[in-house]
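A short worksheet on the structure shown next.
Values below: every heavy atom of this structure, side chains too, minus hydrogens, waters and symmetry copies. As the structure is a prediction and not an experimental result, all values here were calculated from the model.
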Number of protein chains: 2
Amino acid sequence: MKPIRIIFTLLAIAIASITTTYAQDQLPSWNDGATKKSITDFIAKVTKEGSADFVPPAERIATFDNDGTLWCEQPLYFQLLFALDRVKALAPQHPEWKTKEPFASLLRGDVKGALAGGEHAMLEIIIVTHAGMTTAEFEKIVADWIETAKHPKFKRPYTECVYQPMIELLAYLRANGFKTFIVSGGGIEFMRPWTEKVYGIPPEQVVGSSIKTKYETRDSKPVLVRLPEMNFIDDKAGKPVGINEHIGRRPIAAFGNSTGDQQMLEWTQAGSGVRLMMLVHHDDAAREFAYGAESKIGTFSDALMVEAKKNDWTVISMKDDWKTIFAFASQAAP
Amino acid sequence: MKPIRIIFTLLAIAIASITTTYAQDQLPSWNDGATKKSITDFIAKVTKEGSADFVPPAERIATFDNDGTLWCEQPLYFQLLFALDRVKALAPQHPEWKTKEPFASLLRGDVKGALAGGEHAMLEIIIVTHAGMTTAEFEKIVADWIETAKHPKFKRPYTECVYQPMIELLAYLRANGFKTFIVSGGGIEFMRPWTEKVYGIPPEQVVGSSIKTKYETRDSKPVLVRLPEMNFIDDKAGKPVGINEHIGRRPIAAFGNSTGDQQMLEWTQAGSGVRLMMLVHHDDAAREFAYGAESKIGTFSDALMVEAKKNDWTVISMKDDWKTIFAFASQAAP
């Protein structure tokens, strides 16, 4: 064979292998059907060069809520379970908690009683467990907890209680030139220590709620100290604000699961061109949890369902659309 | 030739061309010397796989101040010149400004008189020119101004008054796997409309000062309205706070030019491993401006110079280290 023929042969092999890769199902944990098709159709449209729907890679921004969208949020938000574990760990240094609410109830194991104090009680728990230390110290506390703590129902590390179909979706979007961001009501510094490993999302692509920090010198080293004061709440109408502040560009795809995500989806849809808005619906009591309008955690109100239908947002049924929910349970899937 | 020989020949050609590319000077506007060498040595170290100094690409974060570091900041911060132009443009809608300071002085062309009111006067000018509209409207105002306005000394668009050696440095860092961020005291939404085109830095990699925004519905469309209230000042001790909030990872290289950048450089240096901290010194009155400790804009105090020497930060002499300052003046460079 002449050199030029060899080059063409090599090229042909390369092209064939690329074609094979693309022909493979990138979303194997999604059942075939309208929901999965809404994703693959969207990707096909925005990546088709020369078409009216084409979106340049720099503008392919996708935002994901975290709790209930990428990982589980029952029986309580995992960050709240973290805070409760921290209260127990810190109790020996706080003898006064034995008689002080909400700590007294918590330490007796009465979570419901502790949370009966409402937002004020929650805030007190968050402050004592999330502030007062440096950012580096907090990062280590979170990393240690996430390494060792286990989900009460699944008996697995929390980072394994992530939805396999969404992990595939994140990878599929990135393979198609998207930048994937988390936009969560959860604490930004609670997520960053593990999102890169678990979701492939680096710290700079995590948007979340935050408390204020202060730059100061400790032991002649500069540190950032976490203050007992809210900085930003990245929920509901805060999500478009957080997206604008951190990303500065409107997403073309957004994924959520509760009323806290409505404004993010509205904001995403209000841009021009093709858009994809999806809501995960927790309707699978057998494999995960079933909850919706009545749940305080991850509320999927009837009004949100009306809004979704009106705006053509895709509602993902975990029961019907997901072949597998958790990677650890893939053998047990129907 | 046998196919296998052909493949090796092709590979050899490919490797040779790669080597040639790397042998080319990536920083042609920098004069050879210790300053340039501090950059190339740093890059060689952190990218050398298997070495103790190696930094994985995900952690190669470089942060750049903007005013006086990437683009010019004299005779006034460009954002302030933008605000002054906006006051003139808005004056017909504000007849009361004719007798109200700082607007009255400004409209008579007496900038010094207007700014005599100090921070309060500045804030009043910023508020009337930067708040009250939607983020989309503000983006358009900035984009239109940046397209048409010209620098009073160089008679060029402001986006041409950028330092060619720094443009090369940004590209050189990115070619070596770095993510480049702006961390500026300037307004985040004043920079984002043009940083991608001018610096190759996308909006999500711009950190800056900001005012608060509010999500609301106007003409049945969701918008973000810019409020007359400061949200964050990304200067001095605010820079490490902003870096932590937006990037969530400590930079390994940081570039500034004034006392406002000291904490960013300290924060960068306080991490483990090899680090690069640099300060641009404006000492070239002939080709740009010469200013330092005495200047209110871009103050390079004597204390900062002491700090730089003590901490081994590289001070860039625009006069001695830069062959070319502006691309438009490359013919005229000595």
Side-chain angles (χ1 to χ4, degrees), chain A residues 1-7 9-10 58-59 61 135-136 139 179 181 188-189 191-193 195-196 202-208 210 212-217 220-224 226 231-232 236-250 263-271, chain B residues 1-7 9-10 58-59 61 135-136 139 179 181 188-189 191-193 195-196 202-208 210 212-217 220-224 226 231-232 236-250 263-271:
Chain A
M1 272 203 280
K2 291 222 175 102
I4 194 77
R5 294 267 322 259
I6 304 272
I7 292 169
T9 308
L10 289 173
E59 292 168 27
I61 302 287
T135 51
E139 186 182 335
K179 263 196 178 177
F181 286 82
I188 193 166
E189 303 224 46
M191 297 183 279
R192 281 174 165 163
T195 55
E196 188 151 36
E204 62 270 25
Q205 285 165 223
V206 178
V207 183
S210 58
K212 286 199 190 291
T213 61
K214 187 174 179 289
Y215 184 75
E216 59 178 61
T217 304
S220 67
K221 269 209 128 186
V223 293
L224 287 168
R226 293 170 59 81
N231 177 54
F232 181 64
K236 298 193 171 73
K239 289 207 175 189
V241 172
I243 287 170
N244 185 61
E245 174 77 11
H246 277 255
I247 310 177
R249 190 128 56 181
R250 195 191 298 257
Q263 289 83 352
M264 174 166 77
L265 270 60
E266 286 171 2
W267 180 243
T268 300
Q269 187 164 34
Chain B
M1 272 204 277
K2 290 221 176 102
I4 194 78
R5 295 267 323 258
I6 305 272
I7 292 169
T9 308
L10 289 172
E59 292 168 26
I61 303 286
T135 50
E139 186 182 335
K179 262 196 177 177
F181 287 81
I188 193 166
E189 303 222 45
M191 297 183 281
R192 281 173 164 164
T195 56
E196 189 152 36
E204 63 270 24
Q205 285 164 222
V206 177
V207 184
S210 57
K212 287 200 190 289
T213 62
K214 189 174 178 288
Y215 183 76
E216 59 178 63
T217 304
S220 68
K221 268 210 127 185
V223 293
L224 288 168
R226 293 170 58 80
N231 176 54
F232 181 64
K236 299 193 172 70
K239 289 207 176 190
V241 171
I243 287 170
N244 185 61
E245 173 78 11
H246 277 255
I247 310 177
R249 190 126 59 179
R250 195 191 296 257
Q263 290 84 349
M264 173 166 77
L265 270 60
E266 288 171 0
W267 180 242
T268 301
Q269 186 163 34

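For A:Thr213, the parts lying near chain B are the backbone and the side chain together; criterion is any non-hydrogen pair under 4.5 Å. The contact between B:Val223 and chain A is made entirely by backbone atoms, counting heavy-atom distances below 4.5 Å. Proximity to chain A involves both the backbone and the side chain of B:Glu245, based on heavy atoms less than 4.5 angstrom apart. No part of A:Glu216 comes within reach of chain B, as not one of its non-hydrogen atoms sits under 4.5 angstrom from that chain. Interface remark: B:Lys179 contributes side-chain atoms only to the contact with chain A (heavy atom separation under 4.5 Å). Neither the backbone nor the side chain of B:Glu139 comes within contact range of chain A; no heavy atoms are under 4.5 Å apart. Neither the backbone nor the side chain of B:Phe232 comes within less than 4.5 Å of any heavy atom in chain A. Within the 4.5 angstrom heavy-atom criterion, only side-chain atoms of B:Thr135, from C-beta onward, approach chain A. For B:Ile188, the part lying under 4.5 angstrom from a heavy atom of chain A is the side chain only.
The aromatic rings of B:His246 and A:His246 lie parallel to each other, their planes meeting at an angle below 30°, with 60° marking the opposite boundary.
Listed by chain and number, the residues in a side chain to side chain donor-acceptor pair (under 3.5 Å) with A:Glu196 are B:Arg249 (sequence neighbours excluded).
Remark: the backbone N or O of B:Thr268 is not paired with any side-chain donor or acceptor of B:Arg250 at under 3.5 angstrom. The main-chain N or O of A:Ala270 is found under 3.5 Å from a side-chain atom of B:Lys221 such that the two form a donor-acceptor pair.
One finds the CE atom of B:Met264 at 11.5 Å from the CD atom of B:Glu266 (value rounded to the nearest 0.5 Å). Note that CD1 of A:Ile247 is 12.0 Å distant from CD of A:Glu204, once rounded to the nearest 0.5 Å.
Heavy-atom minimum distance, B:Val206 versus B:Arg192: O-NH2, 3.5 Å.
Considering only heavy-atom pairs separated by less than 4.5 Å from chain B, the leading option among A:Asn231, A:Leu224, A:Val241 is A:Leu224.
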